Amino acid sequence: MKDKISLAMARRIALAAQGFNDPRPGGVPDRRHLARVLSRTGLLQIDSVSAVVRAHYMPLYSRLGPYPLALLDNAAVGRKRAVFEYWAHEASFLPVETYPLMRWRMLRAEQGDEMYLGLAKWGRERKAMIDEIYAQVAERGPIAASDIEGHKGNGGWWGWSEAKHAFEWLFWAGRITTAYRRGFERYYDLPERVLPQAVLDLPIPSVEDAHRELLRISARAHGIATYGDLRDYFRLAPGDTKDRIENLVEAGELLPVKVESWDKTAYLHKDARFPRRIEARALLAPFDPVVFERTRTEKLFGFRYRIE
């Protein structure tokens, strides 16, 4: 094992970790191919940007080639769904098996942490509204925020109505989840009516174990990464991760290395692949995991990427 890695090799390691060295399907991609991509990426960031197609559809195209959009749509509905929605890097599709690993964030959100500060403040002041909307979902779900009469937003991206605030607070807290989307609008229901029972029956790990496992997923998805990269993938706080990273190093799962031109220590996943060549050609969405952390994109590819 090398303790110093060239920048070119680091690029190839990162691209292989994200599935760009995998063979493309010979026929029409199916759920097996979706599962393979998710095993590499760990998540698909959801975003409304749709200059070509909505951003969350693009990573599958970049790795599989042409595929039916219904492949992802169908994987996100019904009790046999393969993915669920929650806050990971940002709003994301995650493999359903990841659900127990996110429960710590849901519980913190219910206490007013791990969510937008403005929404947390709103939640402390509007408990009655939250309870009312939860009761509406329990009785009528799946429903959308727009189904609540008398609650209209005031325009703009963040011009949320009172009802929309309550839905978003409950979503953060894990008390409701996305049953499906119509267009880009979420329809919410209770997790116990949406998620596979086998997933709901999985044990909920301790916070420390959940963080370790999320860092493992992040490390596999990166192949090689700095401490900041590893934290950013699931937006984990420094206080939740420093000791966990050290645990993974001590266990031999992460190997500290020096990457050419990087000024910070990098961590190589123990199963990282070292391809001699990457032949992939791909169109990347702004929120593809390969490039969604702009500092990493710049130091890995020498590409300063901004869309704001």
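In what follows, residues are counted from 1 in the order of the sequence shown. All figures in this text were calculated on a predicted structure; none of them were measured in a lab.
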Salt bridge or not between D22 and R273? Use side-chain N to carboxylate O under 4.0 Å. yes

Rounded to the nearest 0.5 Å, what's the gap from CD on E250 to CG on D243? Could you check? 9.0 Å

What is the minimum heavy-atom distance between R31 and A75, and which atoms define it? NH1-CA, 4.1 Å

Are I307 and V52 joined in one hydrophobic group, where the rule is that I, L, V, M, F, W and Y side chains link up if heavy atoms are under 4.5 Å apart? no

Would you give the length of the straight line joining atom CD1 of I217 to atom CG of L214, rounded to the nearest 0.5 angstrom? 5.5 Å

Indicate yes or no: at least one non-hydrogen side-chain atom of P203 is less than 4.5 angstrom from one of P100. no

Nearest 0.5 Å, please: how far is OG in S6 from NZ in K258? 13.0 Å

Least distance between heavy atoms, A219 atom then L230 atom: CA-CD2, 3.6 Å

Evaluation steps, salt bridge (charged side-chain N to carboxylate O under 4.0 Å, His left out), between E162 and R126: CA-CA 9 Å; E162 290 280 288; R126 301 288 198 283; 3.0 Å; yes

Side-chain donor/acceptor of S50 to backbone N/O of V53, under 3.5 Å: no

Scan side-chain atoms only and decide if W169 and E110 contain a donor-acceptor pair under the 3.5 Å cut-off. no

Flag this pair as yes if the NZ/CZ of R231 is under 6.0 angstrom from the six-membered ring centre of F234 and inside a 45 degree cone about the axis; otherwise no. no

Between the side chain of R81 and the main-chain N/O of A76, is any donor-acceptor distance below 3.5 Å? yes

Test ring pair (Phe, Tyr, Trp, His ring centres under 6.0 Å) applied to H165 and W122, W172, Y116, the passing residue: W122

Answer yes or no: is there a donor N or O on one side and an acceptor on the other, between the side chain of Q45 and the main chain of A91, under 3.5 Å? no

Using a 4.5 Å cut-off on heavy atoms from C-beta on, say whether the side chain of R12 contacts that of I224. no

Value rounded to 0.5 Å, distance of CD1 in I278 from CG in L15: 5.5 Å

Is there a side-chain contact between L72 and Y57 (heavy atoms, below 4.5 Å)? yes

Verdict with supporting geometry, R304 and E298, side-chain contact (heavy atoms from CB on, under 4.5 Å): CA-CA 5 Å; R304 189 174 188 275; E298 191 162 351; 3.7 Å; yes

Residue pair Y61 / P66, side-chain heavy-atom distance below 4.5 Å: yes

side-chain contact (heavy atoms from CB on, under 4.5 Å) between Y227 and T265, worked out: CA-CA 8 Å; Y227 170 60; T265 298; over 6 Å; no

Under a 3.5 Å cutoff, is there a donor and acceptor pairing between the side chains of R235 and H89? yes

For residues H222 and Y233, establish whether the separation of their ring centroids is below 6.0 Å. yes

Is the shortest side-chain heavy-atom distance between R24 and L64 below 4.5 Å? no

Determine whether L34 and I46 fall in the same hydrophobic cluster, where Ile, Leu, Val, Met, Phe, Trp and Tyr are linked whenever their side-chain heavy atoms lie under 4.5 Å apart. yes

Tell me if a side-chain donor or acceptor on D147 pairs with a main-chain N or O of A144 at a distance below 3.5 Å. yes

Donor-acceptor pair, side chain of R220 and main chain of H269, under 3.5 angstrom: no

Between I5 and A10, what is the shortest heavy-atom contact and its length? CG2-N, 3.8 Å

Within a strict 4.5 Å, meaning less than it, do heavy atoms of the Y86 and R105 side chains meet? yes

Minimal heavy-atom distance between P29 and P25, with the atoms involved, is CG-CG, 3.9 Å

Hey, can you pull the donor-acceptor pairs under 3.5 Å for the side chains in residues 279-293, sequence neighbours left out?
from, atom 1, to, atom 2, distance (Å)
E279, OE2, R277, NE, 2.7
R281, NH1, E279, O, 3.4
D288, OD1, R63, NH2, 2.8
D288, OD1, V290, N, 2.9
D288, OD2, R63, NH1, 2.8
E293, OE1, T295, N, 3.3
E293, OE1, R296, N, 2.8

Salt-bridged, R244 to D240, with N to O below 4.0 Å? no

Without placing hydrogens or testing angles, list every side-chain donor-acceptor pair under 3.5 Å for residues 185-195, not counting sequence neighbours.
from, atom 1, to, atom 2, distance (Å)
E185, OE2, S146, OG, 2.6
R186, NE, E85, OE1, 3.0
R186, NE, T178, OG1, 3.4
R186, NH1, E168, OE2, 3.2
R186, NH1, Y188, OH, 3.4
Y188, OH, K164, NZ, 3.4
Y188, OH, E168, OE2, 3.1
D189, OD1, R193, NE, 2.9
D189, OD1, R193, NH2, 2.7
R193, NH1, A138, O, 3.0
R193, NH2, V137, O, 3.0
R193, NH2, A138, O, 3.2

When rounded to the nearest 0.5 Å, the distance separating CG of L107 from CD of E114 is 11.0 Å

Cluster link W262 to M9, ILVMFWY, side chain under 4.5 Å: yes

Transitively linked via ILVMFWY side-chain contacts under 4.5 Å: F93 with W87? no

I need the minimum non-hydrogen distance between A17 and G223, along with the two atoms involved. CB-N, 3.5 Å

Look at the side-chain heavy atoms of Ile, Leu, Val, Met, Phe, Trp and Tyr, link any pair under 4.5 Å apart, and say whether F303 and F20 land in one connected group. yes

Cationic N near anionic O, under 4.0 Å, R212 to E208: no

First locate atom CG of L254, then atom CZ of R216, and finally report the distance between them rounded to the nearest 0.5 Å. 9.0 Å

Give me the atom names and distance for the closest heavy-atom approach of L300 to L7. O-CD1, 3.9 Å

Going by ring pair (Phe, Tyr, Trp, His ring centres under 6.0 Å), name the residues that satisfy it together with Y99, two or more places apart in sequence or in a different chain. F84

Student check: side-chain heavy atoms of R54 and S48 closer than 4.5 Å: yes

Do the non-hydrogen side-chain atoms of N247 and K242 ever get within less than 4.5 Å of each other? no

